[in-house]
Engineer: 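Below you'll find the structure I mean.
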Amino acid sequence: MLHLCETDKLWVQETMGKIKEKMAWVREKSADKIPYTTINGVHSDESTVENSSTGEGASWWTNGFWGGMLWQLYHETGEERYAEIARKSEVILDSCLEEYYGLHHDVGFMWLPTAVADYRLTGNEDGKRRGLHAANILAGRFNPVGKFIRAWNGVWGNGKDNTGWAIIDCLMNIPLLYWASKETQDPRFQQIAMIHADTVMENFIRPDGSSNHIMEFDPVNGGVVTAYGGQGYELGSSWTRGQGWALYGFILSYIHTGKQEYLDTAKRVAHYFIANIPEDGLIPVDFRAPKEPHWEDSTAAAIAACGLIEIAKHVGEHEADMYLNPALRMLHALSEQRCDWSKDEDSIVQKCTAAYHDEKHEFSIIYGDYFFIEAMMKLEGSDFLLW
Ligand code: GLY
């Protein structure tokens, strides 16, 4: 149970009103798309390679978030139209299951907010079938000797073979395995998820509570080979979205398993994150990057806020504010300075960044909107924990 002051309750109510108004408008405008970003204020459409702004098409890893926004709003409003549009993404994603090759560990990001949300909210058996199919793909990526879930396929960025690579982001994909075990009463999915989470706890999280983005393990004999800076500034730096994935991911593993070490680790990452939040509450791409150039990543703020709110719900009342207050600070900063409520722009949250060394920074990204909405709904007490 979260305790908000009267002013914050009013702010949550007003912000939810703005979210509902914007979503009721944009859901119709983008009803046949799966958006990732906006181009001149208009949602991109990633549903086919031809249209896609990323060149990836339907298997682009963020293609579950639009469906997730719609299912959250369905849960909030009960309006059937949200479900109708959300199911369009779910059907488009079937082509990825059929093609298979474009898929990697992000099947959790793709099918939890779409098919599994549909099944859990409406009982649609097609959602269950799709979700279990995706869970089997994720479980199939487990390396039993290295005790990790393989992240990507082929080569990545620096041209290296990535058979032994695991990444911090995967903590958000393994709730698909927790769900599959509950659904099938087969413990294997959860066993894989927990072995992976234990490996991450042991090898990714540094003594100060910060997290590496990528770790390479020996895929044949097991054991750590090396770490990589990944989407952050450099090796040893602190990519903020990765810190957010770690923070939210560990509290989710705690929620699903009750394993105390996951809560302790989520708190440790949270303490590091909280200590680094700038005065203005707006989060840079990397906590350990040079002061200039300064690029923000609003997605990191929204994701970390979601994780902090969940921690606040799972600790004693005397501790809760320590996690809730920084979440409120970041969400106030986003809602007051980074949200576009106008009808000139299809997205809500601005100034998101995919990776420090990309050419493009500070643009709109769909999961910025998704996690901002989820965080506000958590504050309202109306969210659906689809992870
Ligand atoms: N999971 C990929 C990213 O956070 O950019």
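Numbering of ligands and ligand atoms starts at 1, following listing order.
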Engineer: What's the shortest heavy-atom distance between M215 and N212, and which atoms?
Structural biologist: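 Nearest heavy atoms, M215 then N212: SD-ND2, 3.6 Å.
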Engineer: Should W239 be counted as touching ligand 1, given the test is an N or O pair under 3.5 Å?
Structural biologist: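 No, there is no polar N/O contact under 3.5 Å.
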Engineer: Can you check whether R241 has an N/O within less than 3.5 Å of an N/O in ligand 1?
Structural biologist: yes
Engineer: Can you list the ligand 1 atoms lying under 4.0 Å from a non-hydrogen atom of D169?
Structural biologist: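 Selected atoms, number and element: 1 (N), 2 (C), 3 (C), 4 (O).
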Engineer: N203 and T199: side-chain donor and acceptor closer than 3.5 Å?
Structural biologist: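 No, T199 and N203 have no side-chain donor paired with an acceptor closer than 3.5 Å.
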Engineer: Among D198, L252, I251, L171, find the residue that satisfies the side chain to side chain contact (heavy atoms under 4.5 Å, CB included) test when tested with Y262.
Structural biologist: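 It is D198; the other options fail the test.
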Engineer: Is there a polar contact between ligand 1 and D106, counting only N or O atoms under 3.5 Å apart?
Structural biologist: no
Engineer: How long is the gap from CD1 on I174 to OG on S253, to the nearest 0.5 Å?
Structural biologist: 3.5 Å
Engineer: Would you mind running through ligand 1 and noting each atom that sits below 4.0 Å from a heavy atom of Q231?
Structural biologist: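 Under 4.0 Å from Q231, ligand 1 has these atoms: 3 (C), 5 (O).
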Engineer: Given the rule in the side-chain contact (heavy atoms from CB on, under 4.5 Å) test, do F363 and C352 qualify, once you have shown the distances and angles that lead to the verdict?
Structural biologist: CA-CA 5 Å; F363 54 105; C352 308; 5.8 Å; no
